[in-house]
Colleague: 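What follows is a single structure, and I will ask about it in a moment.
The chain is numbered in sequence order, starting from 1.
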Amino acid sequence: TTHFQTPNVFLYSALCLLALVAITPRQDAYYAFLGESPAFGYMMVGCALLATSRGRARSIFLSGLCFSFALLTKHIALFCALGASGSWFLRDLYLYRFYTIRRMGVFLAGVAGPLAAFELVKVIVLGSPGFMAHWHGYLELLSTLHVAPQDRLSEFFAVMNRPYLVSVEAALFALG
């Protein structure tokens, strides 16, 4: 409580979740937010552990695990994880130059462990051809979701013209 002022953290989290619901382009928040809220929670816990670690390897490792769980929940959390951990390690590099490399190694072990275990389980379950087919399908999905450079302006205007109505049920669901 002395570090985070718990009521302020709760209020900040509630406002962020309400903002996520308010800006969603879909009206069915039940399907739009299947992973964003847990990924946001993992990111918050990971950042809090990293900020209060005081150089302890256990806290840094647990922070890496939280960032890894956020990445397993939503791949878009990669940008948040890179920004949060990168800024912390840059500050740490400036303040504690000799210990930073060890801390980075501990953090990366925490991040890479669950990711590697998940990919290993996929290889075991799907087999090598199935694993490669899965990744080809995933990359094809990403390429179909990509907006061509000549259509970005029209896609932007289409998104901006959608109605953004937030119902009371959707807001209560997000806060819940």
Colleague: Distance-only check: which donor-acceptor pairs under 3.5 Å involve side-chain atoms of residues 56-69, not counting sequence neighbours?
Modeller:
from, atom 1, to, atom 2, distance (Å)
Ser63, OG, Gly46, O, 2.8
Ser68, OG, Val111, O, 2.9

Colleague: Assigning hydrophobic clusters by single linkage (Ile, Leu, Val, Met, Phe, Trp, Tyr; side-chain heavy-atom cutoff under 4.5 Å), is Tyr138 placed with Ile76?
Modeller: no

Colleague: In Å and rounded to the nearest 0.5 Å, what is the CZ to CG distance from Phe107 to Leu49?
Modeller: 10.5 Å

Colleague: Is there a path from Leu126 to Leu120 through hydrophobic residues (I, L, V, M, F, W, Y) whose side chains come within less than 4.5 Å of each other?
Modeller: no

Colleague: Any chain of hydrophobic side-chain contacts (each under 4.5 Å) joining Leu78 to Leu90?
Modeller: no

Colleague: To check you understand the geometry: which heavy-atom pair defines the closest contact between Ala39 and Lys74, and what is its length?
Modeller: CB-CB, 4.1 Å

Colleague: To the nearest 0.5 Å, what is the distance between CZ (Phe89) and OG1 (Thr100)?
Modeller: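 Atom-to-atom, Phe89:CZ and Thr100:OG1 are 8.0 Å apart.
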
Colleague: Hey, does Leu72 have a side-chain heavy atom less than 4.5 Å from the side chain of Pro114?
Modeller: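 Counting from C-beta outward, Pro114 and Leu72 do come under 4.5 Å.
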
Colleague: Met104, Leu115: one ILVMFWY side-chain cluster at the under-4.5 Å cut-off?
Modeller: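 Yes, same cluster.
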
Colleague: Please list every donor-acceptor pair under 3.5 Å in which a side-chain atom of residues 129-136 meets a protein atom from a residue at least two apart or in another chain.
Modeller:
from, atom 1, to, atom 2, distance (Å)
His134, NE2, Lys122, NZ, 3.3
Trp135, NE1, Glu119, OE1, 3.3

Colleague: Considering all heavy atoms of both residues, which atom of Ser85 and which atom of Leu50 are nearest to each other, and what is their separation?
Modeller: CA-CD2, 4.1 Å

